[in-house]
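Given the structure is predicted, the values throughout are model-derived calculations rather than measurements. Order of listing sets the numbers, starting from 1, for every ligand and every atom in it.
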Amino acid sequence: MSAVSSARQILTRLHEVMAGRTHAQHKLDRVVEIIAESLDSEVCSIYLLREGALELYATQGLNPDAVHVTRLGLGEGLTGTIAANIETLNLAEAKAHPDFLYRPETGEERFHSFAGVPIVYRERAVGVLCVQHIDPRRYEEVEVEALQTTAMILSELIAHKELVDDEEQIDLEEARSESDVLDGLTLVKGLAFGHAVLHQPRVEIDQVVAEDIEAERQRVYRAFDKMRDQIDAMGKEPEFGKGGEHVEVLETYKMFAYDEGWSRRINEAIDSGLTAEAAIERVQQRTRMRMREIDDPLLQDRMHDLEDLSNRLLRIVSGQLQTAATQGLRRDTILVARNLGPAELLEYDRRRLKGVVLEEGSLTAHVVIVARAMGVPVLGRVGGLRSKISEGDEILLDADKGSVTLRPSASLLEAFDVRFAKSREKQAAYAELRDVEPFTRDGTRIAVMMNAGLRDDMSALAMTGADGVGLFRTEFQFLISSTLPQRDRQTRLYRDVLEAAGNKPVIFRTVDIGGDKAVPYLNNGLGEREENPAMGWRALRLSLEREGLLKAQARALLEAAAGRTLNVMFPMVSEPWEFDAARKVFEDQLGFLRDRRKLVPETIEYGCMLEVPALAEMIDQLAPKLSFISVGTNDLTQFLFAADRANPKLAARYDWLSPAILRFLARIARDVVSHPVRLGICGEMGGRRLEALALLGIGYRRLSISPAAVGPIKELVRKVDLQEITKQMTMWLATPPPDLRAALQDWATEQNIELD
Ligand code: PEP
Ligand code: MG
């Protein structure tokens, strides 16, 4: 008999049992009878996990008095081993196995062969299904497969309380109760507590047994077609054009999506009587089990990709396509994802989103910048995270120390409360600095501004006492919108932002889209795949070519700032003529408005981002045209080091405190000093205390940083003697110490400058 027909036969009979109106124990008794009969075995038993132990719930062939009496711990005996390791055992001679344990009450001494499979629910064993035979022979592969399919059905039936009485508490969730600490890379510092929400929720399978096998098969075919289309389309998205990890993932996706073996196995599972959803899950479960036995990190990575794809197929087939954002967050949440785009993160309710944990992620990826702007701690690079977590699990995120605790114990929670209180105290101390001006010890006023991108960010201006907004990323509005924001919508936003800022200045940066800030409505129009979008058609390059876009934005900004000062800067300028061209678009619009006697800004101050290294060579030519220069260290350093800022593999590849970067930045400061131009930094580097200290020491007096960093940086500024750090940095840049970061750290400690 084939696996398909034996499983199908069992399924049909199970179906009949489930349709009957008898109570749960009776149903279970019938189930073991059916399986024993179908697999021609003397014994069939079902153990279920209750109160931490595997309890014999039903048996055909063992002593009936042992039912609800025999209990085995996880890892105890063959049954306990199967559950603990989530593995299948198929033995000709059970007694010969080192884990064999004899329980006299069961009367199982007569039986030789043994095959057992775990009953898995949400990737955890909640029970064991086993068969035994008098003859010392291994079960056939097809029989074991039939057993596995049956176990899957049992798991669904148990989860739906169809095989156990309501009052019988099976440890469906408890099985995951042990706590687990995982390490990662701190992307946004902070502490948070909340319940796990998977960005892409697991699909709930409502129906396991198929009513019409042909219809199920068609559903799977259609889902495969759709998934393959999606993957082919993905290749055209800019983030996949970047090379590196994304491309590898895409290649693996393609390999699996077109893998005949995978679709064949799903079809076979459907043939055995499962619905499309159950068949996909069944095949995935089997792959998971196989992979557990292989200890190869490369293959494990592949497994994650297959897991992703399998979930995608499940979502397509079941029509459950939404992300957790569309369903809304109901309580304090720690969001769990493989990776996220900035726009996806922005869809979440900021009041409930307390933290984010990613399997990937890098320090200057835009999603991280957005999270920093939202004040949400983020931990990245937590490998295998999603397989260790269940929806709703409690999570303690300690992005200060770079770890995350899943299902923390009560004592850990208590200890965390103490740290949380301390951190709140610190926050309160920073809040007190709100109205204190950041002068250095030797009396230099440092401008501490904040970065923003959304209307909501503006409340942070008053809360932190920042001197203004040094970088308003106008592209955020484009990112959260599904269509190109019309001019009047832009005007409204800019007007609101200026109103919220009151007398404080706001520097609007014209859109910086492209790169990892892809907007589908623009890229679709282009249809071109870029090999290297970070160095590609983005930011001002795109705006100058799509002049309509820049014109509309210029009009919106000019109208919004009517009667006051408009500060505007351009991103990714690589040559002075680009600045001239962009400025001309603004001047033309200004002329247009004046001709129509419209109210225009009193003054317009133009500035440039310096984030393309080539521009640093042209400061003498460029500076006379400008009111200010803002160094974007996120991009500048990725270009200086030729290290993609969004590639997690390169996250630790260079240090902002390397002499190369600091010398480069010091040179810019020296070249600018002879011009009446305000020079600042608006990259993430400026918000880190040690880095900020170095920047002060090489001539920077204006920092624009995330709102959360304003307090800590103000506190730092007030402890610094500018002359001292300048002397020190000059020495170090002339003759760099082997580890500049360590040297600066030691120096700060000597000066009693606290850094964490
Ligand atoms: C930068 O590149 O440093 C910068 C501030 O701009 P963004 O991070 O938005 O690219
Ligand atoms: Mg930039």
[X] and ligand 1 - part of the residue with a heavy-atom distance under 4.0 Å:
{"X": "Asn634", "result": "both"}
{"X": "Arg509", "result": "side chain"}
{"X": "Arg473", "result": "side chain"}
{"X": "Asp512", "result": "side chain"}
{"X": "Val631", "result": "neither"}

Taking the non-hydrogen atoms of Glu684, is any one of them nearer than 4.0 angstrom to ligand 1?
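No, that is not the case, since the closest heavy atom of the residue is not under 4.0 Å from the ligand.
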Check [Y] with [X], please: is the shortest side-chain N to carboxylate O separation under 4.0 Å?
{"X": "Arg445", "Y": "Asp467", "value": "yes"}
{"X": "Asp580", "Y": "Lys625", "value": "yes"}
{"X": "Lys584", "Y": "Asp588", "value": "yes"}
{"X": "Glu691", "Y": "Arg741", "value": "yes"}

Which pairs count as ring pair (Phe, Tyr, Trp, His ring centres under 6.0 Å) when at least one residue sits in residues 445-475, sequence neighbours excluded?
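Sorted pair list: Phe472-Phe508.
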Tell me which pairs pass ring pair (Phe, Tyr, Trp, His ring centres under 6.0 Å) where either residue lies in residues 568-588, with sequence neighbours left out.
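Non-adjacent pairs meeting ring pair (Phe, Tyr, Trp, His ring centres under 6.0 Å): Phe570-Phe579, Phe570-Phe586.
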Thr323 side chain vs Ala325 backbone, donor-acceptor pair below 3.5 Å:
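Judged by distance alone, yes, a pair lies under 3.5 Å.
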Has Lys714 got a side-chain atom pairing as donor or acceptor with Arg434's backbone, closer than 3.5 angstrom?
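Yes; judged by distance alone, with no hydrogens or angles, the pair exists.
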Go through ligand 1 atom by atom and flag the ones less than 4.0 Å from a non-hydrogen atom of [X].
{"X": "Gly683", "result": "3 (O)"}
{"X": "Leu471", "result": "5 (C)"}
{"X": "Cys682", "result": "5 (C)"}
{"X": "Met609", "result": "4 (C), 5 (C), 6 (O)"}

Between the side chains of Asn451 and Ser706, does any donor sit under 3.5 Å from an acceptor?
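Side-chain D/A pair, Asn451 to Ser706: absent.
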Under the salt bridge (charged side-chain N to carboxylate O under 4.0 Å, His left out) rule, what pairs show up with a residue in residues 565-577, not counting sequence neighbours?
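Salt bridge (charged side-chain N to carboxylate O under 4.0 Å, His left out) check on residues 565-577 returns no pairs.
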Counting only protein atoms, how many N/O/S atoms are less than 2.8 Å away from the Mg ion (ligand 2)?
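Considering protein N, O and S only, the Mg ion (ligand 2) has 2 within range.
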Between Glu437 and Arg718, does a salt bridge (charged side-chain N to carboxylate O under 4.0 Å, His left out) hold up when you go through it step by step?
CA-CA 9 Å; Glu437 289 195 53; Arg718 287 159 46 78; over 6 Å; no
